Amino acid sequence: MPELPEVETVVRGLNEHLVGHTITSFDFDWPKTIKTPIEIFKKEIEGAKVLSAERRGKLIIINLSSNHSILIHLKMTGQLVYKSPKLQYGAGHPNDSLISKLPDKSTRIHFKLDDNSEFFFNDFRKFGWVEMVPTTDKHLHKFIASLGPEPLEITYLQFKEVLFKYPNAQIKAKLLDQHVLAGVGNIYADESLWAAKIHPQVKIKDIPEVKLETLFAELQAVLNLSIEKGGSSSVNYIKVDGKTGSYLSFANVYKKEGGPCPRCAVPLIRTVAAGRGTRLCPNCQKI
DNA sequence: CACTTGACCTGTCCGC
DNA sequence: TGCGGACAGGTCAAGT
């Protein structure tokens with residue numbers, strides 16, 4: 001499930017593999033995926049060169065030479081994959097077998113590039129979307145304009161300030177709220193709350209200062225560790241080159257319910273908080 | 001204001 | 001084997 005580290009990894013892959021290519025044509029199978037009128041999308045993308053890629057929260061921004069930018073949200077099952085005759089791993093390698101099957105039934109948009117390489121937006125659940133906006137106005141786009149600050153680019157005092165706009169809200173709900181912080185999703189919310197020994201449903205105003213400081217440090221630590229490991233590949237996420245990320249082998253609680261807490265050995269539990277599956281240690285994390 | 005539910009979708013897994 | 005239901009979790013809109 002793409003959260004900040006996964007999207008960051010994808011963006012780095014786009015800068016490595018896609019920048020410099022010209023998009024010659026594209027086709028698509030699910031019109032709702034493209035939120036821009038198709039004639040406008042076509043006009044601004046065909047013949048345009050990819051200049052750079054960047055990330056804001058969980059949103060991917062691809063800047064084109066047409067003075068337009070493609071916004072891409074992967075939602076839960078979106079993938080961006082680059083396929084080139086020049087990029088091969090050897091016969092029988094799992095990355096090759098995955099990429100060689102593209103396009104497949106979950107391919108929503110198939111882009112063709114100038115040197116016979118290809119670029120795929122895959123999304124089996126069809127929640128993801130792409131949109132074309134003028135590059136100079138991209139920050140006015142409704143989604144981008146509503147995002148909170150980047151958790152890796154703020155200080156502890158700023159972190160505390162944005163959370164304390166909602167002193168009576170549950171901490172996990174606000175960690176997940178993209179208008180409060182941009183990029184934190186379910187996995188890293190659970191991991192950082194466990195690391196700081198904070199129950200996901202405790203009210204923000206009831207968290208002792210020292211624990212809130214720990215939460216900020218641990219949130220940055222898990223995000224940075226995951227970026228270093230190329231993200232979490234659980235159900236569907238892969239990198240632009242088809243490889244998987246390895247962060248999940250470092251996870252302490254995500255999908256570990258029933259197993260021992262790495263700190264105190266009491267069995268971890270799964271519950272629901274902020275409307276989402278939530279893993280925690282009932283011994284270390286109390287309200 | 002805080003919180004829940006439903007909608008958007010499809011694939012997997014579990015129990016009967 | 002087949003079938004229904006829970007579950008996966010990002011975001012928004014609507015309802016309590």
Side-chain angles (χ1 to χ4, degrees), chain A residues 1-10 28-35 55-61 71-80 98 101 103-109 121-131 141-148 150-151 162-193 199-207 222-223 226 231-238 245 247-248 251 253-258 269-280 287:
Chain A
M1 321 309 153
E3 303 180 25
L4 188 157
E6 291 73 33
V7 176
E8 178 65 27
T9 302
V10 168
F28 59 99
D29 82 325
W30 190 253
K32 283 180 166 182
T33 301
I34 303 176
K35 299 210 293 181
R55 177 188 66 74
R56 180 73 176 91
K58 299 171 193 172
L59 189 71
I60 295 162
I61 303 169
L71 311 183
I72 303 179
H73 203 305
L74 301 175
K75 287 291 182 87
M76 292 184 307
T77 60
Q79 305 173 331
L80 294 178
L98 187 151
K101 289 178 188 142
D104 64 18
K105 64 181 177 177
S106 70
T107 298
R108 302 293 160 239
I109 312 178
F121 177 43
N122 272 23
D123 181 22
F124 78 85
R125 282 177 72 180
K126 302 179 178 173
F127 287 180
W129 50 263
V130 308
E131 192 168 344
H141 183 273
K142 188 175 128 191
F143 183 86
I144 298 179
S146 73
L147 292 173
E150 291 288 329
V162 294
L163 287 176
F164 266 87
K165 289 178 185 169
Y166 309 94
N168 293 305
Q170 298 174 3
I171 180 62
K172 179 167 177 177
K174 290 302 153 190
L175 285 179
L176 294 178
D177 186 339
Q178 302 301 295
H179 309 114
V180 174
L181 285 174
V184 182
N186 207 34
I187 298 174
Y188 304 102
D190 280 2
E191 291 295 323
S192 58
L193 287 166
H199 191 286
Q201 290 172 298
V202 73
K203 286 185 178 183
I204 290 169
K205 66 181 180 187
D206 293 335
I207 302 173
V222 294
L223 293 174
S226 186
S232 299
S233 292
S234 57
V235 179
N236 190 256
Y237 160 78
I238 55 172
Y247 170 77
L248 273 194
V253 291
Y254 181 70
K255 293 220 167 160
K256 307 265 188 185
E257 55 266 37
I269 60 170
R270 178 189 181 278
T271 182
V272 175
R276 324 290 290 283
T278 296
R279 284 81 179 181
L280 60 90
I287 292 184

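Note on naming: letters A, B, ... go to the chains in the order of the sequence lines (proteins, then strands), and numbering restarts at 1 for each one. Bear in mind the structure is a predicted one, so any value in this text is a computation, not a measurement.
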**Report entry** Row check, A/Tyr254 ring normal vs A/Arg279 NZ/CZ: under 6.0 Å, within 45°
**Finding:** yes
Query raised in the report: Looking at the side chain of A/Lys75, which of C/dA8, B/dC8, C/dT11 is the nearest nucleotide?
Result: C/dT11
Query raised in the report: With respect to the side chain of A/Ala169, which nucleotide from B/dC8, C/dG10, B/dC3 is positioned closest?
Result: B/dC3
Query raised in the report: Just how far, in rounded Å, is P of C/dA8 from NZ of A/Lys255?
Result: 7 Å
Report task. Please measure how far the C1' atom in C/dG10 lies from the corresponding atom in B/dC1, and state the result in whole Å. Result -> 23 Å
**Report entry** Residues, nucleotides or ligands: over 12 heavy atoms within 6.0 Å of A/Lys165 NZ
**Finding:** no
Requested in this report: Give a yes/no on whether any side-chain N or O of A/Arg276 is located under 4.0 angstrom from OP1 or OP2 of C/dT11.
Outcome: no
Query raised in the report: OP1 or OP2 of C/dG10 less than 4.0 angstrom from a side-chain nitrogen or oxygen of A/His73, does that happen here?
Result: no
Query raised in the report: Between A/Asn122 (CG) and B/dC9 (C1'), how many Å, whole number?
Result: 15 Å
**Report entry** Atom-pair distance (CD on A/Gln79; P on B/dC9), nearest Å
**Finding:** 19 Å
Report task. In whole angstrom, give the distance that lies between atom CD of A/Glu257 and atom C1' of C/dA6. Result -> 13 Å
Report task. Assign A/Trp129 to base, sugar-phosphate, or nothing according to its heavy-atom contacts below 4.0 angstrom with the strands shown. Result -> nothing
Requested in this report: Could you give me the CA-CA distance, side-chain angles and deciding distance for A/Thr107 and A/Phe121, then say whether side chain to side chain contact (heavy atoms under 4.5 Å, CB included) is met?
Outcome: CA-CA 6 Å; A/Thr107 298; A/Phe121 177 43; over 6 Å; no
Query raised in the report: Can you tell me how far C1' of B/dC3 sits from CG of A/Leu175, to the nearest Å?
Result: 16 Å
Report task. Rounded to whole angstrom, note down the P distance from B/dC9 over to C/dC3. Result -> 24 Å
Query raised in the report: So which nucleotide from B/dG11, B/dC3, B/dC9 ends up closest to the side chain of A/Lys105?
Result: B/dG11
Report summary line: Side-chain contact check for A/Tyr166: nearest option of B/dT10, B/dA2, C/dG10 is B/dA2
Report task. Supply the atom-to-atom distance A/Leu280 CG to A/Ile269 CD1, rounded to the nearest 0.5 angstrom. Result -> 4.5 Å
**Report entry** Complementary nucleotide for B/dC9 - Watson-Crick or wobble, under 3.5 Å
**Finding:** none
Requested in this report: Look at the side-chain N and O atoms of A/Gln170 and state whether any lies under 4.0 Å from the OP1 or OP2 oxygen of B/dC3.
Outcome: yes
Query raised in the report: Tell me: CH2 of A/Trp30 to C1' of B/dC9, nearest whole Å?
Result: 8 Å
Query raised in the report: Of all the nucleotides listed (C/dC12, C/dA8, C/dG10), which has the minimum atom distance to the side chain of A/Phe127?
Result: C/dG10
Query raised in the report: Per the side chain to side chain contact (heavy atoms under 4.5 Å, CB included) rule, which among A/Asp123, A/Ile60, A/Leu59 passes with A/His73?
Result: A/Leu59
Report summary line: Taken to the nearest whole Å, CZ/A/Phe124 to P/B/dT12 is 8 Å
Query raised in the report: For the side chain of A/Asn186, counting heavy atoms from C-beta on, which of B/dC3, C/dT11, C/dG10 is nearest?
Result: C/dG10
Requested in this report: Just call it for A/Lys142: base, sugar-phosphate, or nothing, with non-hydrogen atoms closer than 4.0 Å on any strand.
Outcome: sugar-phosphate
Query raised in the report: Are any non-hydrogen side-chain atoms of A/Leu193 and A/His199 less than 4.5 angstrom apart?
Result: no
Query raised in the report: Would you say B/dT10 has OP1 or OP2 under 4.0 Å from some side-chain N or O of A/Lys126?
Result: yes
Query raised in the report: If only side-chain N and O atoms of A/His179 are considered, is one of them under 4.0 Å from the OP1 or OP2 phosphate oxygen of C/dC12?
Result: yes
Query raised in the report: Atom CG of A/Leu59 to atom P of C/dC12: distance rounded to whole Å?
Result: 11 Å
Query - 5′-ward residue of the pair A/Gly277/A/Val184 relative to DNA chain C - result: A/Gly277
**Report entry** Among C/dT11, C/dA13, C/dA8, the one nearest A/Lys58 by side-chain distance
**Finding:** C/dT11
